[in-house]
Amino acid sequence: MAAARRGWPAPGSSVLFLCDLQERFRGSVAAFPQIVAVAARLLQGCRILGVPALVTEQRPEVLGCTVPELGAQDLPRVPKTAFSMAGAAAPLLGDPKIRSVLLCGIEAHACVLVCFWRVPGEFWSQPGRASGVGGVPGVFLEIFWGSQVCSGPSQVDRALALARMRQAGAHLSTCESLLLLLLRDAAHPHFRQILPLIKEPPPDTGLI
């Protein structure tokens, strides 16, 4: 199994976060159908590579359930009220192998941004880890932000959230790039299964 390296996620040490891709956002989030289509593609690739996924729903009694086209019907959907996935992610972040979070979903300026800030704190609060980044030799957590699978009500909201996360150290990436980083080599035993997911161009979101 490939070891985790900074800036390079590995299947055995990564987790996919799918934040609040719910019915109520269809009409209010820019490029919602395209965002969901690419997220579904990334989820499919992560399933093939054995990367666990966490799906959350913000107040589902108000905002509805996760949209079916995501293809996550068989996964537990964790309801929340907090503007972050950190609490819901605690069991996954407690896994001593986890070093990378692939962060996707909506809304960029709200739950996704707050999640970016809160997840490292949850990671370092787990038993056996010192408080503060770098407290344990060889232990680190990086967040990879899927640019094609994250949106908000407007380009301004999304762009400012992106800028803040990038300045704070998030790795900006595309779906295809993330899958290729996870594969690392065309000789990977699952390369042929992943190939159709990266060969077909993703739907154009029109987002910058």
Side-chain angles (χ1 to χ4, degrees), residues 4 7-22 25 29 32 35-60 63 65-67 69-126 140-152 158 161-162 164-166 168-175 177-179 181-182:
W8 197 344
S13 57
S14 298
V15 60
L16 173 64
F17 283 10
L18 295 163
C19 185
D20 307 347
L21 292 164
Q22 295 164 254
F25 292 113
V29 167
F32 183 85
I35 291 291
V36 173
V38 180
R41 191 178 299 192
L42 184 57
L43 173 59
Q44 188 177 347
C46 284
R47 286 180 188 272
I48 293 169
L49 296 171
V51 175
L54 173 66
V55 181
T56 59
E57 295 178 339
Q58 180 73 12
R59 297 190 66 197
L63 300 175
C65 298
T66 299
V67 294
E69 56 265 42
L70 180 63
Q73 291 90 332
D74 61 316
L75 296 176
R77 264 86 44 94
V78 182
K80 63 183 180 65
T81 58
F83 299 135
S84 171
M85 298 177 71
L92 284 170
L93 295 174
D95 185 335
K97 299 188 300 296
I98 294 300
R99 296 290 179 271
S100 303
V101 170
L102 315 181
L103 179 58
C104 311
I106 54 179
E107 296 176 298
H109 68 300
C111 290
V112 173
L113 181 60
V114 177
C115 185
F116 172 78
W117 292 117
R118 294 292 305 276
V119 161
E122 186 66 45
F123 175 82
W124 287 103
S125 71
Q126 296 300 310
F140 60 89
L141 180 73
E142 295 185 303
I143 298 179
F144 293 80
W145 192 76
S147 63
Q148 297 164 298
V149 282
C150 189
S151 187
R158 182 179 180 276
L162 183 157
R164 290 192 66 186
M165 287 188 276
R166 175 185 271 171
H171 297 281
L172 185 62
S173 191
T174 64
C175 173
S177 180
L178 284 173
L179 290 176
L181 285 170
L182 290 168

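Count residues from 1 along the sequence. All heavy atoms count here, side chains included; hydrogens, waters and symmetry mates do not.
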Here the pair of heavy atoms bringing Ala72 nearest to Val55 is CB-CG2, 4.1 Å

Side-chain (Glu57) to main-chain (Thr66) donor-acceptor, under 3.5 angstrom:
yes

Any heavy-atom pair between the side chains of Leu21 and Val149 that's under 4.5 Å?
no

How long is the span from the CE atom in Met165 to the CG atom in Leu113, to the nearest 0.5 Å?
5.5 Å

Evaluate Ile98 against Leu92 for side-chain contact (heavy atoms from CB on, under 4.5 Å), listing each step before the verdict.
CA-CA 8 Å; Ile98 294 300; Leu92 284 170; 5.5 Å; no

Would you check, one step at a time, whether the test side-chain contact (heavy atoms from CB on, under 4.5 Å) holds for Leu70 with Leu18?
CA-CA 10 Å; Leu70 180 63; Leu18 295 163; 4.3 Å; yes

The residue among Arg77, Arg59, Gln58 that forms side-chain contact (heavy atoms from CB on, under 4.5 Å) with Gln22 is Gln58

Around Phe83, counting heavy atoms of other residues, nucleotides and ligands shown, do more than 12 lie under 6.0 Å from its CZ?
no

Give a yes or no on whether Arg47 atom CZ has more than 12 heavy-atom contacts from other residues, nucleotides or ligands under 6.0 Å away.
yes

So which atom in Cys150 and which in Ala108 form the shortest heavy-atom distance, rounded to 0.1 Å?
SG-CB, 3.7 Å

Here the pair of heavy atoms bringing Leu75 nearest to Ala53 is CD1-CB, 4.1 Å

Can you give me the closest heavy-atom contact between Phe25 and Leu63, atom names plus distance?
CZ-CD1, 3.7 Å

Are any non-hydrogen side-chain atoms of Val101 and Phe123 less than 4.5 angstrom apart?
no

Nearest 0.5 Å please: distance from the CG atom of Leu172 over to the CD1 atom of Ile143.
13.0 Å

Taking C-beta and beyond as the side chain, do His171 and Ser100 meet within less than 4.5 Å on heavy atoms?
no

Nearest 0.5 Å, please: how far is SG in Cys104 from CZ in Phe17?
10.5 Å

Spatial distance of atom CD1 (Ile48) from atom CG (Leu179) [nearest 0.5 Å]:
8.5 Å

For the CG atom of Leu141 and the CG atom of Leu93, what is their distance to the nearest 0.5 Å?
6.5 Å

Please find the pair of heavy atoms, one from Leu54 and one from Met85, that lie closest to each other, and give the distance.
O-CE, 3.6 Å

Under 3.5 Å, sequence neighbours excluded: what are the donor-acceptor pairs made by side chains of residues 38-46?
from, atom 1, to, atom 2, distance (Å)
Arg41, NH1, Leu197, O, 3.3
Arg41, NH1, Glu200, O, 2.6

Please identify each residue that fulfils salt bridge (charged side-chain N to carboxylate O under 4.0 Å, His left out) with Arg166, with sequence neighbours left out.
none

If I compare all heavy atoms of Ser147 with all of Thr174, which pair ends up nearest, and what's the gap?
OG-CG2, 4.0 Å

Leu178 side, atom CG; Leu102 side, atom CG - distance, nearest 0.5 Å:
5.5 Å

